[in-house]
Undergrad: 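Quick one: the structure is below, and I'll ask about it shortly.
Note on naming: letters A, B, ... go to the chains in the order of the sequence lines (proteins, then strands), and numbering restarts at 1 for each one.
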There are 2 protein chains.
Amino acid sequence: MTINVAIADDQKLFRKGMIALVNSFDDVKIIFEAENGKQLVDLLQAESEEIHIILLDLSMPEMNGLEALKIIKQSHPNIGVIILTIHEAEHHILSTIQAGANGYLAKNAEPEEVEKSIREVFKNDFYFTLPMLEIMRKGLIKKPQAASLDENESLLTPREKEVLQLICKQFSSAEIAEKLFLSNRTVEGHRNNLLLKTGSRNTAGLVLYALKHKLIEVDHFSN
Amino acid sequence: MTINVAIADDQKLFRKGMIALVNSFDDVKIIFEAENGKQLVDLLQAESEEIHIILLDLSMPEMNGLEALKIIKQSHPNIGVIILTIHEAEHHILSTIQAGANGYLAKNAEPEEVEKSIREVFKNDFYFTLPMLEIMRKGLIKKPQAASLDENESLLTPREKEVLQLICKQFSSAEIAEKLFLSNRTVEGHRNNLLLKTGSRNTAGLVLYALKHKLIEVDHFSN
DNA sequence: AGGTAACCAGGTATTTTTACCTAGTTTGTT
DNA sequence: AACAAACTAGGTAAAAATACCTGGTTACCT
C-alpha cells in the first residue's frame, strides 16, 4: 500500500528537495505541495485522494504551521502531521503537540530519519525522537509541579493550611474563627504567620500561594 | 544482538506467563524477575549482565512501580522501562512519564504488542500507543476552558481588569492609584465594582475570579 | 440631542486586615 | 527534664478594604 504525503513549506528549494527525497522511498508518494498554511488547507479540501501524512513547516507566511495544524486536525483528524522545523524551542514543540502533531522532524535530520518518521507515523500514529520526549516530559512536569513544591507545604502547619484554605473561600477572620471554634485573635495570628511564612503582602498573595502549592484548586469555586 | 529484559510484577502467574512469552521472542531474553520494587532495585544492582528493558508493574507491595522507576532512572538512566498496568487513569500515566517511563503496556494487550513495545523501546527508547499520546496531550494542555469563560470577561471594563490585575500583584489600592495616576477613591470605586460584578466577598474572591477568567496566570508570581 | 457606559473622585462610616508585641498550654522529641 | 514547635489568645494601633452615598466628565451611539 502506498503512503500518500502532502508537504507544506515556504522555502521552494527545500520543498522540492524533500519531494524528491520522499518520492524516492518505496510506496511513498507526494500527492501535492503547498507553500503556506492557507494553501495547504485549501488544497486538502479540494484533494480527492486520501492523504495519510502531511509534512508541515512551522514558519510560513500567510498562515503558519500551527494555525494550519489546528484547522487540519479538526477537519481531518486521521491525517498524521509531522512538523518540519529548524526550531528546537520547547515552546514550539509543546504547542504543536497540544495541537495534535504526530511527529517532529528537524530540518537537518538524516534522510533515513525522514523515511522512518513517515513510516512510523503511518503505522503507529506518532514518531518522536528521544530529546523530544524529554521536552514533553519537562512540559508535563510544569503543571503538576505539586511534587516539587509540596515540600514547601510543610513550611505551613496543618492549622495554618486549614486557615489558608478558608481564607481562599472568602471567609473573614471572624468567620473562620467561628467555624474552627477559635478566638478571632487566634485566626489573626495564623493569618499573620501565613503572611510571614509565604512572604505575601496581603490576602491576594495568600490566595496565590495556596494555588501555587496546590492547597486549593481554581475549579472548585463558584464565581 | 540479544535484548536483555527484567520483569517486576507481584502476581506470580502473570509474571511467569510474561516470562514465557517474552522468552519466546527472537533475541529477547528475561534475565531476572522481581516480585516488588525493592527486590527489583536490589537485583538490578547485583546483576552483572547489562539490562536493556524492564517490564514494570505499577501496583506492587513493599515498593510500588513508580517509586522503583524513579530510583532506577537515577542509577540506570539508559534502561528502557515499560510500565505494565491495568490502570488507564491519566494520573498514573502522566506521573510515570514524568518519572521517565519509556513505554506503557496494558496488561490485556496482545502478545504482538508486547514484542513490539520491547523492540521499539530498545530501538527508539520509547513506545506509546495512540490513546496514551492523547492523554499526554491533555496533560500538556494548560487551560482549554479559557474559551468558555472569556466571554464573561467582557463583563469587566478594561480599567477594571487593569485594577484587578494589580490587585492580584498584591498592590494596595493606594499603590494602584499611584501607578495609574488616579485618586485612591477611584481605585476603591473600581474595587467595589469588581466585588459587585464578580460577586466576590473580598480580595480573595477577586484573585480567584481573575484566575478563572485567565486575567492572570499563577506561574507568573514569585512566591 | 439625548442616552448610556466608562471613568473619575469625593464624603462618611464600619469592618477587616496588617503590624508588632507578649504569653500560656499542649504535644512530641531528645 | 529540657526543648522546640504548634496552637492558642490577648493588647494596641495603624492601614486597608468594604459598604453606601453623591456627582462630574468624556466618549460613543442612535
Undergrad: Can you check each nucleotide of nucleotides 25-30 of chain C against protein heavy atoms at under 4.0 Å and return B for base, S for sugar-phosphate only, - for none, in 5' to 3' order?
TA: ------
Undergrad: Rounded to the nearest Å, what distance is computed from the CG atom of residue B:Leu206 to the P atom of nucleotide C:dT16?
TA: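 Rounding to the nearest Å, CG of B:Leu206 and P of C:dT16 are 16 Å apart.
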Undergrad: Using the test salt bridge (charged side-chain N to carboxylate O under 4.0 Å, His left out), find all partners of B:Glu175 that sit at least two apart in sequence or belong to another chain.
TA: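 Residues passing salt bridge (charged side-chain N to carboxylate O under 4.0 Å, His left out) with B:Glu175: A:Arg201.
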Undergrad: Specify the separation, in whole Å, of atom CG of B:Leu156 and atom C1' of C:dA6.
TA: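 Rounded to the whole Å, the gap is 13 Å.
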Undergrad: Within less than 4.0 Å of OP1 or OP2 of D:dT18, is there a side-chain N or O belonging to B:Thr203?
TA: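 Affirmative; the distance criterion is met.
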Undergrad: Does any residue of residues 183-195 of chain A have a heavy atom under 4.0 Å from DNA chain D, and if so, which ones, in number order?
TA: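 Of all residues in residues 183-195 of chain A, the ones placing a heavy atom under 4.0 Å from DNA chain D are A:Ser183, A:Arg185, A:Thr186, A:His190.
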Undergrad: Once side-chain hydrogen bond (donor to acceptor under 3.5 Å, both in side chains) is applied, do any residues pair with A:Glu49, and if so which ones, sequence neighbours excluded?
TA: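 Result, side-chain hydrogen bond (donor to acceptor under 3.5 Å, both in side chains) vs A:Glu49: A:Asn4.
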Undergrad: Please list, chain by chain and in numerical order, all residues satisfying side chain to side chain contact (heavy atoms under 4.5 Å, CB included) with B:Glu50, sequence neighbours excluded.
TA: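 Side chain to side chain contact (heavy atoms under 4.5 Å, CB included) list for B:Glu50, sorted by chain: B:His52.
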Undergrad: Write down the distance between CD (B:Glu175) and C1' (D:dA15), rounded to a whole number of angstrom.
TA: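 Distance, rounded to whole Å: 11 Å.
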Undergrad: Would you kindly give the CG-to-P distance between B:Asn202 and D:dA15, to the nearest whole Å?
TA: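 Answer to the nearest Å: 22 Å.
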Undergrad: I'd like to check the salt bridge (charged side-chain N to carboxylate O under 4.0 Å, His left out) partners of A:Glu160; sequence neighbours left out, ordered by chain and number.
TA: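 If we apply the salt bridge (charged side-chain N to carboxylate O under 4.0 Å, His left out) test to A:Glu160, skipping adjacent residues, the hits are A:Lys197.
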Undergrad: Any salt bridge (charged side-chain N to carboxylate O under 4.0 Å, His left out) pairs touching residues 7-20 of chain B, not counting sequence neighbours?
TA: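 Every pair satisfying salt bridge (charged side-chain N to carboxylate O under 4.0 Å, His left out) with a residue in residues 7-20 of chain B: B:Asp9-B:Lys107, B:Arg15-B:Glu33, B:Arg15-B:Glu35, B:Lys16-B:Glu33.
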Undergrad: Roughly how many Å is it from CD in B:Gln170 to P in D:dA16, rounded to a whole number?
TA: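 The answer, rounded to whole Å, is 14 Å.
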Undergrad: Salt bridge (charged side-chain N to carboxylate O under 4.0 Å, His left out) with B:Glu67: which residues, sequence neighbours excluded?
TA: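 By the salt bridge (charged side-chain N to carboxylate O under 4.0 Å, His left out) rule, B:Glu67 matches no residue at all.
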Undergrad: Has B:Arg201 got a side-chain N or O lying under 4.0 Å from the OP1 or OP2 atom of D:dT18?
TA: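 The answer is no; no side-chain N or O of B:Arg201 sits under 4.0 Å from OP1 or OP2.
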Undergrad: Whole angstroms only, please: what is the CD1-C1' distance between A:Ile167 and D:dA17?
TA: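 Between C1' of D:dA17 and CD1 of A:Ile167: 15 Å.
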Undergrad: Would you say B:Ser173 reaches D:dA15's phosphate, i.e. side-chain N/O to OP1/OP2 under 4.0 Å?
TA: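 No.
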Undergrad: Tell me if the CG atom of B:Leu196 is crowded by more than 12 foreign heavy atoms within 6.0 Å.
TA: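 For B:Leu196, atom CG is crowded (more than 12 foreign heavy atoms under 6.0 Å).
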Undergrad: Expressed as a whole number of angstroms, how long is the span from A:Leu196:CG to D:dA6:C1'?
TA: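 Between C1' of D:dA6 and CG of A:Leu196: 16 Å.
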Undergrad: Specify the separation, in whole Å, of atom CD1 of B:Ile176 and atom P of C:dA9.
TA: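 In whole Å, C:dA9 P lies 14 Å from B:Ile176 CD1.
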Undergrad: What nitrogen or oxygen pairs link the protein and nucleotides 24-30 of chain D at under 3.5 Å?
TA:
none

Undergrad: Calculate, to the nearest 0.5 Å, the distance between atoms CZ and CD1 belonging to A:Phe32 and A:Ile54 respectively.
TA: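 With rounding to 0.5 Å, CZ (A:Phe32) is 6.0 Å from CD1 (A:Ile54).
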Undergrad: Under the salt bridge (charged side-chain N to carboxylate O under 4.0 Å, His left out) test, which residues partner B:Glu162, sequence neighbours left out?
TA: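 B:Arg159.
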Undergrad: Identify, with sequence neighbours excluded, every residue that meets side-chain hydrogen bond (donor to acceptor under 3.5 Å, both in side chains) alongside B:Glu113.
TA: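 Expected list: B:Tyr127.
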Undergrad: Among all residues two or more places apart in sequence or in another chain, which pass the side-chain hydrogen bond (donor to acceptor under 3.5 Å, both in side chains) test with B:Thr203?
TA: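 B:Thr203: side-chain hydrogen bond (donor to acceptor under 3.5 Å, both in side chains) contacts with B:Arg191.
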